[in-house]
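Presented below is the structure to which this report refers.
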Number of protein chains: 2
Amino acid sequence: MISDIVFFLLKKGAHLEPRRITTGEVAEGIGVSQQTASRKLIQLEKEGQISRSQGRIALTQNAILEIKSKLKEILNSLDGTTITFKGKVASGLGEGAYYMRQKHYVKEFNSKLCFKPFPGTLNVSIGEDDIEKRLVLREQKPIVISGFTAKSRSFGRIDAYRCSISGLPGAIIFPERSLHGLQTLEIISPFNLRKKLLLSDGSDVKIEVVKNNPCEPKA
Amino acid sequence: MISDIVFFLLKKGAHLEPRRITTGEVAEGIGVSQQTASRKLIQLEKEGQISRSQGRIALTQNAILEIKSKLKEILNSLDGTTITFKGKVASGLGEGAYYMRQKHYVKEFNSKLCFKPFPGTLNVSIGEDDIEKRLVLREQKPIVISGFTAKSRSFGRIDAYRCSISGLPGAIIFPERSLHGLQTLEIISPFNLRKKLLLSDGSDVKIEVVKNNPCEPKA
DNA sequence: ATTACTATATTACGAGTAC
DNA sequence: TGTACTCGTAATATAGTAA
């Protein structure tokens, strides 16, 4: 993670411009001996995290970028626990059912999503405003369903995110070779959603994704 | 700082609810052996950072608060480099000059702010909107001018922040026993600001404070 | 299967000190 | 002054393995 010493340098503003900072000050700041601080600074310089000249220390651009990326990761985990989409049921192409019947997919969905998918997918058209959320969702680590080849036809991998759709369990899937644009989400579920939720084209649905929310395999 | 292992648990959502995570997974996640992960988890539990039961791990509320506070510190360092106040010159009480003539203060200002203060202070009245900024400023580590006793009169310590006022160097000071409320900032400078900037009561001034901006002592 | 102990190996630390 | 060597010791890691 972000080391004590980089944290200290950050607090000293070493990301803005080179700062006059002695090894003794660093030692004091992070609670180690001067010798250790010296050694660590040498190490950081070797790694390209800091640059030193004339008794001044600066964090490199690389180091700053790394800090920012780590920060983003932490913030992403900490807040915004659920992502919510509102959308309308869209007519499907009938292709989904064929895919959802493939033994390999069924097996993987069952073990990784903890449900046996109904053979069919529900297409949901989301509003312009929710496209950004879609991108946020795609920054999350997906549950990966591997691709395979059967009968000299190859089936691509599928990224999945567990969700609840109007209260029922399911998953948003992103097939590697998707037929849909950014406006459409493809949903699978253990249930026949159209029947169970009495949906028809244009019906409003609410989809909620809880980040970091693995399923519990049945014993 | 935030340890690798806590970072990993955060990513797994262990701050939301207890998660099924094995020592092996943690080991894999942070790049150490299973044994080391086990030992570290035991350590973290002892420190009260995590709780474990039935193979599940959760971050404690304490740990989460700690992460948030560290995060705040980093963000505070990273962004919002300068704090800007807009205000109007207010009439002073004449007290400032007396203080600014005290040898001890002059000496400390000179060594810590790198300028010899003009014997007088400028009071600037800031708008309601800037009061929040004032609080942000006060979260920054000040340059501390120590108090002293002279002629059986005691002079309190002064917190100072280097600033530029309408382009000239100076410092915002917060005397321990301030006579001013939240609406007023007290400014010192090597210059007679009223004369040099042609200021009178009610004149508009702009004050900029750069965070983490120590002065360079003249050789 | 997972966890955590013991023993051994490795790495990191600070004291002393030269530059 | 401040920095960074060497070197003996302390801390921390992994391997092996029992529970």
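First the proteins, then the strands, lettered A, B, ... as listed; each starts at 1. Note: hydrogens, waters and symmetry copies are ignored here, and every other heavy atom, side chains too, is used.
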Inset, instruction - Salt-bridge test for A:Lys68 and A:Glu66: reply yes if a basic N is under 4.0 Å from a carboxylate O, no otherwise. - result: no

Inset, instruction - Write down the distance between CD1 (B:Ile5) and P (D:dT12), rounded to a whole number of angstrom. - result: 14 Å

Inset, instruction - Check for a donor-acceptor pair, side chain of B:Ser38 on one end and backbone N or O of B:Thr23 on the other, with a separation under 3.5 Å. - result: no

Inset, instruction - Please work out if A:Thr36 contacts a base, only the sugar-phosphate, or nothing of the nucleic acid, heavy-atom cut-off 4.0 Å. - result: base

Legend entry - Listed nucleotide nearest any side-chain atom of B:Arg39, set D:dT3, D:dT12, C:dC13: D:dT12

Legend entry - Exam field: side chain A:Lys116 to backbone A:Val106, donor-acceptor pair closer than 3.5 Å: no

Legend entry - Donor-acceptor pair (no angle test) under 3.5 Å: B:Gln35 side chain, D:dA15 base: yes

Legend entry - B:Leu44 CG - C:dT3 P separation (whole Å): 15 Å

Inset, instruction - For the pair B:Lys112 (side chain) and B:Val144 (backbone), establish whether a donor and an acceptor sit closer than 3.5 Å, ignoring hydrogens and angles. - result: yes

Legend entry - Length of the CD1-C1' vector between A:Ile30 and C:dA12, whole Å: 12 Å

Inset, instruction - Tell me whether the OP1 or OP2 atom of C:dT3 has a side-chain N or O from B:Thr23 closer than 4.0 Å. - result: yes

Inset, instruction - Any strand is fair game: report the nucleotide pairing with C:dG16 by Watson-Crick or G-U wobble, both distances under 3.5 Å, or none. - result: D:dC5

Legend entry - Nearest-Å distance for atom pair CD1/P, residues B:Ile42 and C:dT3: 10 Å

Legend entry - N/O (side chain, A:Lys40) to phosphate O (OP1/OP2, C:dA12) under 4.0 Å: no

Inset, instruction - Look at the side chain of B:Ser38 and decide which nucleotide, out of D:dT14, D:dT3, C:dA4, has an atom nearest to it. - result: C:dA4

Legend entry - Spacing of A:Gln34 atom CD relative to D:dA4 atom C1', expressed in whole Å: 7 Å

Inset, instruction - Please determine if a side-chain N or O atom of A:Arg52 lies less than 4.0 Å away from the OP1 or OP2 oxygen of D:dA4. - result: yes

